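Chain A is the first sequence line, chain B the second, and so forth, proteins listed ahead of strands; every chain is numbered from 1. Just so it is clear, the model here is predicted, and its values are computed rather than measured. Below, all heavy atoms of this structure are taken into account, side chains as well, without hydrogens, waters or symmetry copies.
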2 protein chains.
Amino acid sequence: MSDEEKEVASGAWRSLGEFIRGQRELANLSMRQLAEIAKISNPYLSQVERGLYKPSADVLKSIANALHISAESMYAQAGLLDDSETRDESHHGVEHAVKLDPRLSVDQKEAIIRIYRSFIGRE
Amino acid sequence: MSDEEKEVASGAWRSLGEFIRGQRELANLSMRQLAEIAKISNPYLSQVERGLYKPSADVLKSIANALHISAESMYAQAGLLDDSETRDESHHGVEHAVKLDPRLSVDQKEAIIRIYRSFIGRE
DNA sequence: TCTGTGCGCTAAGTATACCAAGCATCTGCT
DNA sequence: AGCAGATGCTTGGTATACTTAGCGCACAGA
């Protein structure tokens with residue numbers, strides 16, 4: 001496999017690797033140093049930085065922590081957050097908030113949503 | 001391997017599976033339906049919901065989109081955002097969302113909040 | 001010179017995320 | 001009764017994320 005083909009295969013992930021490498025160099029860390037802090041192997045870090053592999057979410061988080069970067073911007077760079085959940089209306093919706101509340105059981109969620117819908121005259 | 005050992009092995013991920021199953025049932029979707037929308041196989045979704053596997057970040061994102069919830073809250077549930085950027089509850093809080101809803105009267109808001117509080121055991 | 005220690009990278013293996021095919025069960029229909 | 005279609009789950013395999021061992025090169029001292 002040629003280098004060009006590798007580049008194509010890695011696709012959108014190449015920029016993530018470049019991003020990590022840039023941040024690592026900015027922090028003046030060698031691969032082995034960063035790898036140790038992030039608890040991954042240094043060859044794997046090498047492969048990630050060159051775009052050969054898509055690191056899993058927890059590895060991403062671990063690298064982000066090691067570089068003192070927010071995991072969120074890491075995911076954004078990785079193209080894992082983009083989808084237009086455009087934090088205006090959707091975050092304030094009652095149904096959305098109810099569904100996300102971990103203290104409520106499924107039955108309770110359904111009950112509240114049913115009442116809510118009856119109030120606003122939908123359904 | 002016993003069920004208990006599986007549970008231990010899956011660790012913190014069990015709650016993520018339960019969360020996904022809850023959201024799926026709330027949306028009245030079968031496993032096959034959700035799997036098709038999220039472009040994953042239905043056996044795999046079954047395994048994820050039972051906590052046997054840790055889905056990768058892009059699968060998580062895909063599931064989140066299919067369920068119309070933000071990828072961010074998905075990652076939070078997965079314990080992948082937890083460290084410093086502890087998501088602020090104000091965006092998702094049920095009471096906050098209820099109070100902001102212009103379609104509800106004051107009485108209706110009070111009713112819903114009363115029910116909500118009784119469910120979560122806060123007075 | 002030679003020796004040691006750092007670097008990034010390769011090779012080869014293991015672990016696990018993920019898929020296609022199919023099974024067992026239930027429910028409804030005739 | 002029997003079939004049809006849905007549900008969630010199991011099995012067995014492939015793809016890929018990730019590791020351990022080690023190579024080759026650079027730059028230090030002795």
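Using a 4.5 Å heavy-atom cutoff, the side chains of A:Met74 and A:Phe19 are in contact. Here the side chains of A:Tyr75 and B:Leu80 are in contact, with some heavy-atom distance below 4.5 Å.
Side-chain proximity of A:Tyr44 to C:dA20, D:dA17, D:dT7: nearest is D:dA17. Distance from the side chain of A:Ser41 is smallest for D:dT19 among the nucleotides D:dG8, C:dA20, D:dT19.
Look at B:Ser30 and you'll find a side-chain N or O under 4.0 angstrom from OP1 or OP2 of D:dT7. At C:dC9, one or more side-chain N or O atoms of A:Ser46 fall inside 4.0 Å of OP1 or OP2 (strictly under the cut-off). For the OP1/OP2 pair of C:dC18 and a distance below 4.0 Å, the side-chain nitrogens and oxygens of B:Ser56 include at least one atom meeting the criterion.
Remark: C1' of D:dA6 and CE of B:Met31 are 14 Å apart, rounded to the nearest angstrom. Here the C1' atom of nucleotide C:dC7 and the CZ atom of A:Arg21 are 12 Å apart, to the nearest Å. Between A:Gln47 atom CD and D:dT19 atom P there is a gap of 10 Å when expressed in whole angstrom units. Rounded to whole Å, atom P of C:dA20 lies 12 Å from atom CD of B:Glu36. Atom NZ in B:Lys54 sits about 9 Å away from atom P in D:dC18, given to the nearest Å. When rounded to the nearest whole Å, the span between CD1 of A:Ile40 and P of D:dT19 equals 7 Å. Rounded to whole Å, atom P of D:dT10 lies 13 Å from atom CG of B:Asn42. With rounding to whole Å, B:Arg50 atom CZ is found 8 Å from D:dT10 atom C1'.
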**Request:** Apply side-chain contact (heavy atoms from CB on, under 4.5 Å) to the pair B:Glu18 and B:Glu49, showing each step before the final yes or no.
**Result:** CA-CA 6 Å; B:Glu18 288 173 353; B:Glu49 288 190 353; over 6 Å; no
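No hydrogens or angles were tested; on distance alone, nothing pairs the side chain of A:Arg32 with the base of C:dG6 as donor and acceptor under 3.5 Å.
Taking CD1 of B:Ile112 as the start and CD of B:Glu95 as the end, the distance is 11.0 Å to the nearest 0.5 Å.
Residue-environment remark: CD (A:Glu110) exceeds the threshold of 12 foreign heavy atoms within 6.0 Å.
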